[in-house]
Amino acid sequence: QVQLVESGGDLVQPGGSLRLSCAASGSIFRIGDMGWYRQTPGKERELVAGIRREGTANYADSVKGRFTISRNNANNTVSLQMNSLKPDDTAVYYCNARVIVSTSLRYLEVWGRGTLVTVSS
């Protein structure tokens, strides 16, 4: 069994910064793509940033230049550095990973439970 645990969600003022982290644990053989998604009531879950195993990253237009995704394959973590936060960034942020478990030859989609980021004065 593999699980993802997010941390770092908090209340922050507009213009502030926050760093989210996600750690994967369990019987992990290999982790492929990882990403951060966010969701607010009434909206579909959207990709904020994704990162491939070798480090290639992509971002939603709304966060380009402000957010940076990174990963560490040695400890199975992915992080999201969020700068210049705006009220529109308020959402539950979810960690996602494609994981090959030790007993499988296929990638499985794994989601964290989410962490709340609130940007407000």
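Excluded from the calculations below are hydrogen atoms, water molecules and symmetry mates; all remaining heavy atoms, backbone and side chain alike, are included. These figures come from a predicted structure and were not determined experimentally.
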Query raised in the report: Taking the side chain from Y59 and the backbone from I69, do they hold a donor-acceptor pair closer than 3.5 Å?
Result: yes
Please report, to 0.1 Å, the donor-acceptor pairs under 3.5 Å made by any side chain of residues 14-35, with sequence neighbours excluded.
unit_1, atom_1, unit_2, atom_2, d
S17, OG, N83, OD1, 2.9
R19, NH1, Q81, OE1, 3.4
R30, NE, Y107, OH, 3.2

Does any part of the side chain of [Y], heavy atoms only, come nearer than 4.5 Å to the side chain of [X], both counted from C-beta?
| X | Y | answer |
| --- | --- | --- |
| I51 | V78 | yes |
| V119 | K86 | no |
| M82 | D89 | no |
| C95 | W111 | no |

Query - Verdict with reasoning, N76 to V99, per side chain to side chain contact (heavy atoms under 4.5 Å, CB included) - result: CA-CA 10 Å; N76 297 324; V99 181; over 6 Å; no
Would the number of heavy atoms belonging to other residues, nucleotides or ligands and lying under 6.0 Å from [atom1] of [X] be above 12?
| X | atom1 | answer |
| --- | --- | --- |
| E54 | CD | yes |
| R52 | CZ | no |
| Q1 | CD | no |

Kindly compute the distance separating [atom1] ([X]) from [atom2] ([Y]), expressed to the nearest 0.5 Å.
| X | Y | atom1 | atom2 | value |
| --- | --- | --- | --- | --- |
| L80 | T68 | CG | OG1 | 8.0 Å |
| N58 | L47 | CG | CG | 5.5 Å |
| T40 | L116 | OG1 | CG | 11.0 Å |
| T77 | N72 | OG1 | CG | 4.5 Å |

Report task. State yes or no: do Y37 and V92 share one hydrophobic cluster built from I, L, V, M, F, W and Y residues joined by side-chain heavy-atom distances below 4.5 Å, directly or via other members? Result -> yes
**Report entry** Test side chain to side chain contact (heavy atoms under 4.5 Å, CB included) applied to S7 and T115, step by step
**Finding:** CA-CA 6 Å; S7 62; T115 184; over 6 Å; no
Query raised in the report: Any idea how Y93 and F67 line up, ring-wise: parallel (<30°), tilted (30 to 60°), or perpendicular (>60°)?
Result: tilted
Query - Candidate pair Q39 and E44, rule side chain to side chain contact (heavy atoms under 4.5 Å, CB included), full reasoning - result: CA-CA 6 Å; Q39 187 170 26; E44 295 183 356; 5.6 Å; no
Report task. For Y94 and E6, work out which heavy atoms get closest and say how close. Result ->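 Heavy atoms of Y94 and E6 come nearest at CA-OE2, 3.5 Å.
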Query - K64/D61 ion pair, N-O < 4.0 Å - result: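 Result for this pair is yes, salt bridge flagged.
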Query raised in the report: What pairs with S62 under side chain to side chain donor-acceptor pair (under 3.5 Å), at least two apart in sequence or on another chain?
Result: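 Side chain to side chain donor-acceptor pair (under 3.5 Å) check on S62 returns R38.
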